[in-house]
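Just below is one structure, and these are the notes that go with it.
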Number of protein chains: 2
Amino acid sequence: MTTEEKILVAAREEFQQAGFGGARMQKIADRAGINKASLHYYYRNKEKLFQQVLQKDILRLMIPVSMVLRDPSLSLEQRIRTFVKTTTQLFMDQPNLLLFIMQELNRAPERLLNLVRDILKEHGLNDDESRTFRGQLEEGVKNGTLKPVDPEQYIASVLGMCMFPYAARSLVMELLEKDKEAYQNFLEQRQEELITLCRRMIFRSDEPED
Amino acid sequence: MTTEEKILVAAREEFQQAGFGGARMQKIADRAGINKASLHYYYRNKEKLFQQVLQKDILRLMIPVSMVLRDPSLSLEQRIRTFVKTTTQLFMDQPNLLLFIMQELNRAPERLLNLVRDILKEHGLNDDESRTFRGQLEEGVKNGTLKPVDPEQYIASVLGMCMFPYAARSLVMELLEKDKEAYQNFLEQRQEELITLCRRMIFRSDEPED
DNA sequence: GTGCAGGGTAACCAAATAGTCAAACCGAAA
DNA sequence: TTTCGGTTTGACTATTTGGTTACCCTGCAC
């Protein structure tokens with residue numbers, strides 16, 4: 001691993017854990033096993049380093065998510081399955097990713113939101129709106145295949161069900177009275193159950209149709 | 001409003017917005033309209049002030065939530081309605097409360113978790129497990145009133161559906177391509193839809209039974 | 001060997017920031 | 001009016017921290 005990469009990894013850990021304001025350049029240097037001056041050699045300053053880290057992380061989250069929401073090749077059934085699988089895999093791998101982005105997106109410098117918009121435009125572009133998640137839901141409701149539902153409310157619900165237990169790990173852990181290990185277990189079993197629950201909210205039968 | 005209260009309000013704003021590390025005592029003093037030295041007169045140091053704020057906020061979140069989860073007087077139907085209503089109201093009122101707590105709980109000093117546990121024990125105590133959310137779900141599944149579901153997975157889902165759109169406001173806003181005003185509208189309409197969606201996941205019919 | 005360029009470092013600097021303190025202020029009791 | 005407690009403040013200090021600079025090291029072309 002190059003020094004440049006080591007810095008990014010170390011910086012991500014530190015920023016995710018402490019936030020921008022709480023992160024210390026010295027600690028990042030220590031984690032990366034280099035001198036603090038080298039940080040400034042590779043990344044001019046804290047702000048620039050932070051931008052690099054955050055941008056990479058936003059890509060890591062938003063690309064797969066927005067892809068699944070808009071991929072025109074997926075049926076509604078497949079899209080739900082894929083969405084659950086994709087998010088589960090992502091957050092199992094990067095436990096702090098989501099909360100980190102939520103935090104920093106909340107501090108919402110307009111600059112960040114523009115970055116997100118560009119990403120979504122580039123990677124999520126799909127001129128056939130009827131083949132998006134939203135479009136498929138709308139159509140299904142209209143022709144009666146699906147139970148009546150506001151597509152966007154449903155999408156927000158699926159997002160919440162898939163993401164919240166990862167972002168609010170400690171909170172949910174306490175409310176469910178689980179320890180770390182039990183909660184990990186809980187998350188692993190969740191994937192299957194999620195698909196069932198997501199289906200029940202809109203499909204008229206519990207059984208898959210494709 | 002006493003100086004002490006003014007400080008707490010100002011501190012909450014600053015801490016919620018900037019996190020512990022990014023918060024500045026000077027800014028808190030400015031917001032409260034007092035001298036920085038007065039901060040230290042009322043709250044010995046930054047850490048102590050932070051604890052006060054965080055503890056108050058944790059109470060504000062956890063008490064109503066854990067109450068609804070365990071209140072033995074509620075039927076399952078009522079509990080769902082009450083849960084949706086309670087959380088919606090809370091987060092409409094305190095838009096940054098949830099994310100703030102998620103952040104700080106994630107940094108999870110064991111001390112904080114102990115505080116939470118004490119709160120839950122005190123306020124959520126209920127020796128009739130069968131009259132809790134979990135107990136009612138378990139029973140409903142067992143006797144076939146409800147569709148088969150893992151009670152805890154379901155509770156986590158309801159939590160996510162109710163809370164995520166508030167905690168991840170900017171993220172969901174972007175994914176749904178809504179501006180601030182449209183999103184506010186979206187959240188207001190959400191309450192009704194949430195109840196329907198939560199019901200569908202477990203009830204065999206769309207119509208309420210009580 | 002010499003010179004050189006890119007990577008790395010210790011020592012240093014200036015600004016920011018948490019925290020301190022002695023003096024001033026102020027309303028109420030005597 | 002005077003005194004006295006709690007409150008408020010401007011000025012100060014000590015420390016932390018982001019960022020700079022001059023120097024060193026190492027591999028390599030000549």
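Below, read A as the first sequence line, B as the second, and so on, with proteins coming before strands; counting in each chain starts at 1.
- Using cut-offs of 30° and 60° for the angle between ring planes, the B:Tyr154 and B:Phe133 rings count as perpendicular.
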I'd like a table of atom pairs between the protein and nucleotides 23-28 of chain D - only N or O on both sides, under 3.5 Å - with the distance next to each one.
none

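- At least one side-chain heavy atom of B:Thr196 sits under 4.5 Å from a side-chain heavy atom of B:Arg200.
- A salt bridge links A:Arg107 with A:Glu104: at least one charged nitrogen is closer than 4.0 Å to a carboxylate oxygen.
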> Can you check side-chain hydrogen bond (donor to acceptor under 3.5 Å, both in side chains) on B:Arg79 and B:Thr132, steps first, answer last?
Replying inline: CA-CA 9 Å; B:Arg79 199 183 301 278; B:Thr132 62; over 6 Å; no
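- In this structure, NZ of B:Lys27 is placed 11 Å from P of C:dA18, rounded to the nearest angstrom.
- The interatomic distance linking A:Lys6 (NZ) with C:dG8 (C1') rounds to 11 Å, in whole Å.
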> Which letter, B, S or -, goes with each nucleotide of nucleotides 8-20 of chain D from 5' to 3', with contact meaning a protein heavy atom under 4.0 Å?
Replying inline: BBB------SBBB
Report all side-chain donor-acceptor pairs from residues 162-171 of chain A shorter than 3.5 Å, counting only partners two or more places apart or in another chain.
unit_1   : atom_1 : unit_2   : atom_2 : d
A:Ser170 : OG     : B:Leu105 : O      : 3.3

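- Between A:Arg134 and A:Glu129 there is a salt bridge, since a side-chain N of the basic residue sits under 4.0 Å from a carboxylate O of the acidic one.
- In this structure, the CD atom of B:Glu4 is 9 Å from the P atom of D:dT7, given to the nearest Å.
- Comment: A:Glu14 does not engage A:Arg24 in a salt bridge, judged by the lack of any side-chain N to carboxylate O separation of less than 4.0 angstrom.
- Under the 3.5 Å distance criterion, with hydrogens and angles disregarded, a donor-acceptor pair is assigned to the side chains of B:Asp30 and B:Gln26.
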